[in-house]
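Step one of this worksheet: look at the structure below.
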Amino acid sequence: QVQLVESGGGLVQAGGSLRLSCASSVRTFSTMGWFRQTPGKEREFVASISWNGGSPNYADSVKGRFTISRDNAKRTVYLQMTSLEPADTAVYYCAAGARWDYWGQGTQVTVSS
């Protein structure tokens, strides 16, 4: 059974940084990514990355501040978040698969002003 386990969330002041990690329990995936959700809003795309790490995609709201990367040997994808803003406060979810078939349980990121 595939499990995606996120870690690295927490509370940080505006302007600070956090790094999220997502480890797959069983296998690697050609496409992995991150989404986020706040109460009352739909889950939104943050970033994705292909197998070889080339051509990552980012939401406009995080371009230049967030960096997605992966380590296939560790079956892990990372999201380095810098220059964090209160608007980045959300539960962040890792996802994997061609149709985002698999999801992690989410990790809370809170950015205080």
Apply the test side chain to side chain contact (heavy atoms under 4.5 Å, CB included) to residues Arg36 and Asp88: give CA-CA distance (whole Å), side-chain angles for both, the deciding distance (0.1 Å), then the verdict. CA-CA 9 Å; Arg36 66 187 182 186; Asp88 296 316; 2.9 Å; yes
Nearest 0.5 Å, please: how far is OG in Ser21 from CZ in Arg70? 13.5 Å
Leu11-Leu84 co-clustered via ILVMFWY side chain contacts under 4.5 Å: no
Could you check, using the six-membered ring where one of them is a Trp, whether Phe29 and Trp51 have ring centers closer than 6.0 angstrom? no
Has Thr31 got a side-chain atom pairing as donor or acceptor with Ala98's backbone, closer than 3.5 angstrom? no
Does Arg19 count as lying over the ring of Tyr78, i.e. NZ or CZ under 6.0 Å from the six-ring centre, within 45 degrees of the axis? yes
Drop me the distance from Thr107's OG1 to Leu79's CG, to the nearest 0.5 angstrom. 11.0 Å
Would the distance check show the side chain of Arg75 and the main-chain N or O of Asp71 forming a donor-acceptor pair, the cut-off being under 3.5 Å? no
Can you tell me how far the CE atom of Met81 sits from the CH2 atom of Trp34, to the nearest 0.5 Å? 8.0 Å
Cys22 versus Leu4, closest heavy-atom pair with distance: SG-CB, 3.9 Å
Looking at every non-hydrogen atom in both residues, tell me the closest pair between Gln80 and Ser17 and how far apart they are. NE2-CB, 4.0 Å
Between Tyr102 and Val46, is there shared hydrophobic-cluster membership here, with clusters defined by ILVMFWY side-chain heavy atoms closer than 4.5 Å? yes
Is it the case that the side chain of Tyr58 and the backbone of Ile68 share a donor-acceptor pair, with hydrogens and angles ignored and the cut-off at 3.5 Å? yes
With a 4.5 Å heavy-atom cut-off, do Gln13 and Pro86 have their side chains touching? no
Check for me, please, whether Phe45 and Tyr93 land in the same ILVMFWY cluster - side-chain distances under 4.5 Å, paths through other members count. yes
Does one side chain, of Asn52 or Ser50, offer a donor that lies under 3.5 Å from an acceptor on the other? yes
Ring centres under 6.0 Å, that's the criterion: do Phe35 and Trp103 meet it? yes
Expected output: side-chain Glu6 to main-chain Gly106 donor-acceptor under 3.5 Å: yes
Non-hydrogen side-chain atoms of Ser24 and Thr76 separated by less than 4.5 Å: no
Is there a donor-acceptor contact under 3.5 Å from the side chain of Thr89 to the main chain of Thr110? no
Is it true that the side chains of Ser83 and Glu85 contain a donor and an acceptor less than 3.5 Å apart? no
Can you check whether Leu18 reaches Val109 side chain to side chain, under 4.5 Å on heavy atoms? yes
Say whether Val111 and Tyr92 are linked into one hydrophobic cluster, either directly or through other cluster members, by side-chain heavy-atom distances under 4.5 angstrom. yes
Straight-line distance of Lys63 NZ to Arg65 CZ, nearest 0.5 Å: 13.0 Å
I'd like to know if Ile49 and Val5 are part of one continuous hydrophobic network [Ile/Leu/Val/Met/Phe/Trp/Tyr, side-chain heavy atoms within less than 4.5 Å]. no
